[in-house]
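Notes follow once the structure below has been shown.
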Protein chains: 2
Amino acid sequence: MPVTIFDVAERAGVSISTVSRVLNNRDRVHAATRERVLEAVRELGYQRNALAQSLATQQTNMMGLVIPMVNDPFFFEIVRGVEDAATAKDYSLLIASQPYPAQEHRYLNLFRRGYVDAMVLIAADIQEHEVKQVIEQGVPVVLVQQYHDSIPSFGVDNYGGAHMMVRHLLDLGYRRIAYITGTDYTIDNAERLRGLRDCLAEHGLDLPDTYIARGDYRHGSGYDAMKLLLQLPDRPEAVFAANDQMALDAIRATKDYGLHVPGDIAVVGFDDISLAHYVDPPLTTVAQPAYELGYQSASLALEIVNTRRNGCRIEPKHVNLPTRLVVRRSCGANAK
Amino acid sequence: MPVTIFDVAERAGVSISTVSRVLNNRDRVHAATRERVLEAVRELGYQRNALAQSLATQQTNMMGLVIPMVNDPFFFEIVRGVEDAATAKDYSLLIASQPYPAQEHRYLNLFRRGYVDAMVLIAADIQEHEVKQVIEQGVPVVLVQQYHDSIPSFGVDNYGGAHMMVRHLLDLGYRRIAYITGTDYTIDNAERLRGLRDCLAEHGLDLPDTYIARGDYRHGSGYDAMKLLLQLPDRPEAVFAANDQMALDAIRATKDYGLHVPGDIAVVGFDDISLAHYVDPPLTTVAQPAYELGYQSASLALEIVNTRRNGCRIEPKHVNLPTRLVVRRSCGANAK
DNA sequence: TTTCGGTGTAAAAACGCTTTTACAAACTAT
DNA sequence: ATAGTTTGTAAAAGCGTTTTTACACCGAAA
């Protein structure tokens with residue numbers, strides 16, 4: 001049923017190599033012959049079989065992308081960046097979204113050799129040796145928001161962002177600052193907490209254990225954490241949530257508790273999700289260069305593909321992209 | 001560099017067909033031989049080349065998905081549905097996101113024969129003949145939120161949803177009801193408008209032209225539309241925006257205008273995006289069964305693949321999934 | 001002892017392309 | 001007129017699998 005290159009060749013009265021050369025603009029082909037081939041292609045509605053082509057050329061022009069399956073605009077922005085970078089180099093995206101908790105089989109197909117020329121793994125819950133295995137198969141991998149030796153990766157300056165944010169809170173006069181944690185084993189969370197601690201320490205302040213409330217980054221977890229903080233005898237003046245999702249929960253919890261943000265207590269977050277400037281009060285937060293993160297990772301991955309093709313090699317290293325403080329109203333500063 | 005089935009065969013001292021049979025659990029293979037092959041696979045870290053496998057089997061276990069490149073949680077839910085349905089049948093997703101406005105080349109790769117066994121097109125800006133061409137190549141296509149004769153498709157009951165919503169507004173006592181349109185050439189928009197018109201007509205009411213303000217579904221467009229409506233001499237009592245995004249804009253516009261929602265004017269939307277229950281006031285809207293939409297479309301697509309394999313054929317038809325009214329506070333009803 | 005169904009394996013033919021090699025035919029230079 | 005160079009095309013060799021076909025080998029039945 002499907003029409004192949006042979007059908008075209010027969011129709012045009014040439015050999016398949018001629019058809020191939022016409023289709024790929026390779027070598028010289030007599031103008032008349034070319035026209036006959038093109039005509040045959042048109043008449044038969046021929047489309048190359050991409051699979052066969054990839055098999056022959058050893059190149060798929062596809063990039064694999066593994067992302068956590070969470071409806072987070074932050075990830076969406078990363079994907080946009082990846083997509084743009086891929087498109088710029090004429091690559092398509094093969095996306096596998098990894099559910100929480102990770103079920104191997106769902107994205108394992110992506111790893112099967114041959115399908116993708118390169119991969120970008122975003123905050124993926126994947127064993128290091130699995131990644132190494134993929135790399136050994138000849139597929140360059142770039143990690144986003146995840147760190148492993150000898151694998152190139154991109155992240156954001158969590159430490160600097162948190163530091164900047166806390167500095168801002170201190171400047172506004174707050175002294176009793178609490179933290180709602182993300183999933184505690186993530187480096188992001190650790191770095192943000194470290195930024196907070198260090199900044200406080202630099203100002204001679206301390207972060208008591210009671211001021212660390214556990215969340216898990218997910219929707220809802222900030223609510224309970226905030227309730228705990230609100231009931232503390234020496235209630236904090238400002239609460240820094242490890243991400244915006246939880247900061248919104250915290251604001252909701254505060255309202256439900258009968259207090260006002262930022263009048264009674266300031267709440268700030270991290271990520272700058274699009275919701276952040278919609279809520280009431282608009283959320284002060286740390287913006288991550290999500291799009292950049294995606295764009296640069298994908299670009300690097302494809303660059304590695306390219307340099308490898310020329311026999312070169314790019315040294316793996318980790319790059320932290322800078323974060324940006326976004327001051328809105330939830331911190332008590334009266335920026336618009 | 002990459003290890004192939006030949007390497008495994010050599011190492012195990014068997015022929016490649018034996019290796020293949022072991023890997024696919026086909027036919028009987030002597031237990032000892034099988035063990036030797038498996039051992040060789042392990043030692044060499046062999047992974048099958050998926051490309052070659054797909055070429056040989058004429059089946060990729062991949063499903064193509066085209067979605068508009070907009071950060072809309074609604075689409076995200078659809079994708080989740082598609083993903084789940086695909087995963088359930090052991091399929092992977094090849095996602096192409098179509099930017100606004102559509103640039104052909106970005107997702108055209110998906111159409112290239114061989115890469116996907118089936119496709120789901122979500123609200124895609126694609127010519128009918130292009131779709132037909134894909135189908136002729138033997139790849140079943142299912143449309144979501146888009147209608148073409150002789151192509152199976154899923155949509156939501158836009159008419160019913162709008163009707164239901166307007167009925168609700170009428171029940172609340174509003175009589176002067178205005179509409180902020182979506183992109184005017186879409187069927188969704190037309191159906192919602194028709195639902196509104198009919199419902200008003202059933203109650204002996206009319207929709208004056210001045211009560212139809214143009215938007216384009218996109219972020220921001222509802223703001224200007226609302227401004228127009230607010231300045232009308234006989235200001236509407238309630239405004240029905242063609243989607244939530246614009247409804248949120250409308251609420252913002254109303255606030256900026258110095259009026260109160262829902263005190264001075266009610267605002268409702270369509271879609272039930274996740275933002276809808278975060279904003280102040282929480283938005284009354286029509287929920288679409290986004291997840292279901294995705295799940296059912298993907299399931300159907302794969303079912304067609306299957307039945308086709310058995311020589312059968314499924315009649316293409318359009319299915320509308322029911323919508324659901326979500327009453328929050330922006331309509332003036334004091335539901336929580 | 002010959003014939004006959006299983007078994008287990010190898011060889012070869014797809015799958016649909018690209019690319020290299022080889023070779024005519026048609027030119028240009030001598 | 002002959003040798004040397006383009007130019008255009010065909011044939012064949014991959015790419016890495018699966019699957020079909022063929023065929024030894026073995027024990028059991030005749």
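Chain letters run A, B, ... following the sequence lines, proteins first, then strands; residues in each count from 1. These figures come from a predicted structure and were not determined experimentally.
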In whole angstroms, the gap separating P of D:dT17 from CG of B:Asp7 amounts to 9 Å
B:Thr60 and B:Asp117: side chain donor to acceptor below 3.5 Å: yes
Presence of salt bridge, A:Lys89 and A:Glu303, under 4.0 angstrom: no
Measuring to OP1 and OP2 of D:dT19, would you say a side-chain N or O of B:Ser20 lies under 4.0 angstrom away? no
Around A:Lys132, counting heavy atoms of other residues, nucleotides and ligands shown, do more than 12 lie under 6.0 Å from its NZ? yes
Applying a 4.0 Å non-hydrogen cut-off, can you work out what B:Ile16 is touching in the nucleic acid: base, sugar-phosphate, or nothing? base
Check whether any side-chain N or O of B:Arg21 sits under 4.0 Å from OP1 or OP2 of C:dG8, and answer yes or no. no
If you count heavy atoms of other groups shown closer than 6.0 angstrom to CD of B:Glu10, is the number above 12? no
Look at all strands and tell whether B:Asn24 reaches a base, only sugar-phosphate, or nothing, counting heavy atoms closer than 4.0 Å. sugar-phosphate
How long is the straight-line distance from CD of A:Glu128 back to CD of A:Gln133, given to the nearest 0.5 Å? 12.5 Å
A:Asn49 side chain near C:dC15 phosphate (N/O to OP1/OP2, under 4.0 Å): no
I need the CG-P distance between A:Leu55 and D:dG14, as an integer number of Å. 14 Å
Under 3.5 Å donor-acceptor pair, A:Ser17 side-chain atoms to D:dA12 base atoms: no
Nearest to the A:Ala56 side chain among D:dG8, C:dC15, D:dC15, which nucleotide is it? D:dC15
Nucleotide nearest A:His30 (side chain, heavy atoms from C-beta), chosen from D:dT9, C:dT9, C:dC17: D:dT9
Any carboxylate oxygen within less than 4.0 angstrom of a Lys/Arg side-chain nitrogen, looking at B:Arg36 and B:Glu39? no
Think B:Thr57 has a side-chain N or O under 4.0 angstrom from the OP1 or OP2 of D:dT17? no
Using a heavy-atom cut-off of under 4.0 Å over every strand shown, decide if B:Thr33 touches base, sugar-phosphate, or nothing. sugar-phosphate
Ignoring backbone atoms, test whether B:Gln58 places a side-chain nitrogen or oxygen under 4.0 Å from the OP1 or OP2 oxygen of D:dT19. no
Side chain of B:Arg26: nearest nucleotide among D:dT9, C:dG8, D:dT19? D:dT19
Would you say C:dG16 has OP1 or OP2 under 4.0 Å from some side-chain N or O of B:Tyr115? no
What's the closest nucleotide to the A:Thr18 side chain, out of D:dT9, D:dT17, D:dG16? D:dT9
Of all the choices, D:dT18, C:dC17, C:dT9, which nucleotide is nearest to the side chain of A:Tyr46 once you look at every atom? C:dC17
Roughly how many Å is it from CG in A:Leu51 to C1' in C:dA14, rounded to a whole number? 15 Å
So, OP1 or OP2 of D:dT9: does either fall under 4.0 Å of a side-chain N or O from A:Ser15? no
When the distance from CG of B:Asp27 to P of C:dT7 is rounded to whole Å, what number comes out? 12 Å
On DNA chain C, compare the nucleotides closest to A:Gln47 and B:Arg36; which residue's is nearer the 5' end? B:Arg36
